Amino acid sequence: MSARAASGAGLIRSDVTCHQRGALVGDDALDHVTSDHSRTAEPEAVAIDRQELRDLVDSVMDALEHHSSSFASTPGGAGWLHVQHVPARRFVAEIVRKLAALDAWEPSASAPGPLACVPDEGLVGVRPSSSREYLVYTVTWSGIAYLLGAEAPHNPAHSVQLRNRSHASTVNTEPDPLPSDVRQRDVVALSWTSRHAGTLKPVLVELERDGQTGLLLDLATDPAERCSAPTSASIGLWSAPSDLFTLSGTVEGLQPPDDGRLVRVKGYGLQLARLARLLSVLLETSGGCTQPSWRAIVRAESWLDSVLAASRPHTVLLSNDTSPLGALAAHTAERRGVNTVHVQHGAWTAESVAWPALHSRDIVVMGERDRLLAQGWIRHPAAEVHVLGQPRFDALTGLDRQEQRRYLEKLLAAGNRRSPARILVWACQPFRPDHLKAQAELLLDGLRAADGDWGLIIAPHPAQDAQVFASVLTLGGGPLVAVADPRIGARGCLAGGNALASTYSTCGIEAALLDVPVLEIGAPGERTLDLAPHGLATRCHNAGDVAQALSALRDPRPRVPRTAMDEVCRWRGDSAAQIARLITRRAETLVGSSAPVHRDASAATSTPPLAEGVPAR
C-alpha cells in the first residue's frame, strides 16, 4: 500500500441542469459550500494497492501503445514510446494514482462525472525531489479534468515551475564531430551514472587482459556522475558533446486532435489523444541524460550511430537498456548488427523497475532470484540470462574495515566530540524531502531507544543533493549524526559500520556480502530489496523495530549459507572476468573479432580501492 502527498485544491459536486458535475476550487473556498465536497488532500491520502496500480498502468500503456506509438520515430526507426517508455509510464502512474484518489471520494465513485478545470492552472507540473537532476513530473488536478474531457481554453500545458525552467537554444541540431583519434574497438560501453561506470569499467579491464580493446562513452550530464579516466591506454574514454542533451522544443506528431478514443480507469474515461498531448510536455523539456527530450534523443541517435560506424565494435555493453538512452543504444546497436550485453547494476524486485523490459541479447544478473525476473522481462527474441554476480562488488574483497571505521569515527567526532561506540550507516536514496525526513526520524527514534551508544552516518545517494539533510543535522538531544562525503557514498564506508539501514539501496546487498547487519526500513507495504526473506536483513517498519534489531546485535549471529547468498548475489570476486569471457565467446560465435579472442583470461580481480573514502564509482 502507498499514499501520496496532498495538494491544495478542493472538489465540489453540484447539480447543474440535472447533470452532476465536479469542480476544482481553491482550498479556502470549501469553507463556504454546502454541497458534497472534499479537499483533494483527503482522497489523495488513501492508500492504493500496488498490484492494482501496476495493472491499471499496464492497461493504460497498452491502450497508448495501440493509439499513439506510431506518431513519432527517430530517423533510425525507434518509436517515441519505445525510447521514452519509462518517463511516460511514470507519468501515467501519477495519473492513475489521482484517478484512484478521485474514485475514493464517494460522491464521485457513485456517480462519475466530468470535472471543470481551475482557471489558468498548468496541466503538467513537477513534484519536489532530493535528486540533483531528475525531474518528477506529475499531472495537476486540472490536468486530470482535461484528460477526462473538460474544456481548458485558458490552461497552459506547463505549470509555473516548468515554465520557469530555462530552455536551451535549438539552433544547433547536429552533434559535434568525433575525436580525431577514432579507431576500431572491440567493445563500446555506455555510462551516464557512477553506478554504470563502476559496473562496466572492471569488465573493460578484464577484456583488455583478454586482448580486447574497449571504449567507454561517458554520457553523464551531472558532473558528479562522470567517469574517471581509465588506467589503461587500451581503454578509450570519450565524453558526449557538452550540448548533446540541451535541446528542447515541440515534438512533431504528438499533438493529435481529439478522436473520442478512451481507456477506462476506475470507471473514468481517459482520452488517449489528450494523454499523448500531455506526454509531449515531458518530451519537450530537456532533463539531461536521465530524461532527454525528444529532440535530444534524435540527436543522440545520430551521434551514437556515428560512433559505432567509426569504432566498428562487436559488442555494445550497457548497465541499463530500459531508460531512454539505454533503449536507444540497444536499438541502434541491433540495427547495426552489433551484439548487446546488459549487466545489472542495481537490485531488482518485481516492482522495482518503471518498465519491466530488457532489450539486450545477453543479460547478466546478480543472483538466482534475478534470473527469474529477467526471464519474464526479456524482449530480445534470442535473449539469454546469465547469473554472474556484480563486477562492482569484486572490489569488496579488498576493503579495509579498520580504515573505513576510522573514517566514520572521524566524521562523528568532529568538533571535539566523542565518537559513539556503535555506528549505523544510512544508505539513502533520492526520495522526496518529506519521505527522507520521515525515515530520518524513524532511525533517530530507534537509535535513542536501542541498547548501547549509537551514532548515525548519513550516506547520500550519488545522485542526491546532500543539502536536503541539513535539517537532520540541527536536531539536538539525540544520537550524534554526520553526513558522509557524497563522493564516497555508502559503499565507501559501510564496511566500517556496525549495521546498515536502507530501503532498497544496492548497498544493502554489499553490506550483507560483508556480513554487516542490514535493516530494511519503511512502512508496511513499502518496497525494499526483500533481503529479509533470505535471512540477509531485518525488516523494520517503525522505530521500535529499529531499536529491537540494533539491540539484538549484542548476541552472536549465525552465518548465512552461501546458497541463500547466491539467491541474491553470486559473489566470488571474479564477476568481471566471467562477464569478459561471456563477451569474447559470444563475439567469436556470432560475428568474430578483429582481435584474437583468448580463452585463458586472468581471473584476477580489479585493483582494490582505497580503504578510506572509496568513491561510489
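Small disclaimer: the values here were computed from a predicted structure and weren't measured.
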Any side-chain heavy-atom pair from [X] and [Y] closer than 4.5 angstrom?
X    : Y    : answer
V307 : W238 : yes
H314 : V338 : no
V96  : V60  : yes
P430 : H461 : yes
V265 : S59  : no
L215 : V187 : no
V205 : R209 : yes
R299 : L244 : yes

Is there a side chain to side chain contact (heavy atoms under 4.5 Å, CB included) between L282 and Q291 once you walk through the steps? CA-CA 9 Å; L282 279 64; Q291 294 168 302; over 6 Å; no
Aromatic contact between H82 and H359, with the criterion being ring centroids under 6.0 Å apart: yes or no? yes
Mind checking the [atom1]-[atom2] spacing from [X] to [Y]? Nearest 0.5 Å is all I need.
X    : Y    : atom1 : atom2 : value
I488 : L494 : CD1   : CG    : 12.0 Å
L147 : L270 : CG    : CG    : 5.0 Å
H534 : D566 : NE2   : CG    : 11.5 Å
L283 : Q84  : CG    : CD    : 4.0 Å
L514 : R491 : CG    : CZ    : 9.5 Å
T322 : R379 : OG1   : CZ    : 9.0 Å

Examine distances only and state if a side-chain atom of [X] and a backbone atom of [Y] form a donor-acceptor pair shorter than 3.5 Å.
X    : Y    : result
D258 : G260 : no
S239 : D218 : no
S502 : A427 : yes
H386 : L388 : no
Q344 : G346 : yes
W294 : S73  : no
R277 : Q255 : no
H331 : G76  : yes
R183 : A310 : no
D321 : H342 : no

With a 6.0 Å cut-off (strictly less than), is the heavy-atom count around CD of Q375, excluding the residue itself, greater than 12?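 It does: Q375 CD has more than 12 such atoms within range.
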Pair H158, V124 - check side chain to side chain contact (heavy atoms under 4.5 Å, CB included), show working. CA-CA 5 Å; H158 302 70; V124 178; over 6 Å; no
Of all heavy-atom pairs between [X] and [Y], which one has the smallest distance, and what is that distance?
X    : Y    : result
V518 : A512 : CG2-N, 3.9 Å
G143 : L278 : O-CD1, 4.2 Å
T397 : G573 : CG2-CA, 4.4 Å
C428 : P460 : CB-CA, 4.3 Å
A347 : L529 : CB-CD2, 3.1 Å
R371 : V365 : N-CG2, 3.9 Å

Under 3.5 Å, is there a donor-acceptor pair between the [X] and [Y] side chains?
X    : Y    : result
E334 : T340 : yes
T199 : R392 : yes
N320 : S323 : yes
K201 : S228 : yes
S575 : Q390 : no
S194 : E225 : yes
E94  : T138 : yes
T315 : N339 : no
T332 : D305 : no

Any carboxylate oxygen within less than 4.0 angstrom of a Lys/Arg side-chain nitrogen, looking at D362 and R585? no
Before accepting this row, confirm whether a basic side-chain N of the pair D530/R369 lies closer than 4.0 Å to the acidic partner's carboxylate O. no
Take T74 and E301, measure what side chain to side chain donor-acceptor pair (under 3.5 Å) needs, and give me the verdict at the end. CA-CA 8 Å; T74 67; E301 181 189 61; 2.7 Å; yes
Contact list for residues 191-225, test ring-ring contact (aromatic ring centres under 6.0 Å, His included), sequence neighbours left out: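 Listed once each, the pairs are W192-H196, H196-H345.
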Side chain to side chain contact (heavy atoms under 4.5 Å, CB included) evaluation trace for W80 with I297: CA-CA 9 Å; W80 76 271; I297 281 289; over 6 Å; no
Set out, in order, the CA-CA distance, both residues' side-chain angles and the distance that settles side chain to side chain contact (heavy atoms under 4.5 Å, CB included) for R90 and Y137, then state yes or no. CA-CA 8 Å; R90 285 176 172 150; Y137 290 96; over 6 Å; no
Report the C-alpha distance between R581 and D210 in whole Å, list the side-chain angles of each, state the deciding distance to 0.1 Å, and finish with yes or no for salt bridge (Lys or Arg N to Asp or Glu O under 4.0 Å). CA-CA 8 Å; R581 292 192 187 100; D210 204 20; over 6 Å; no
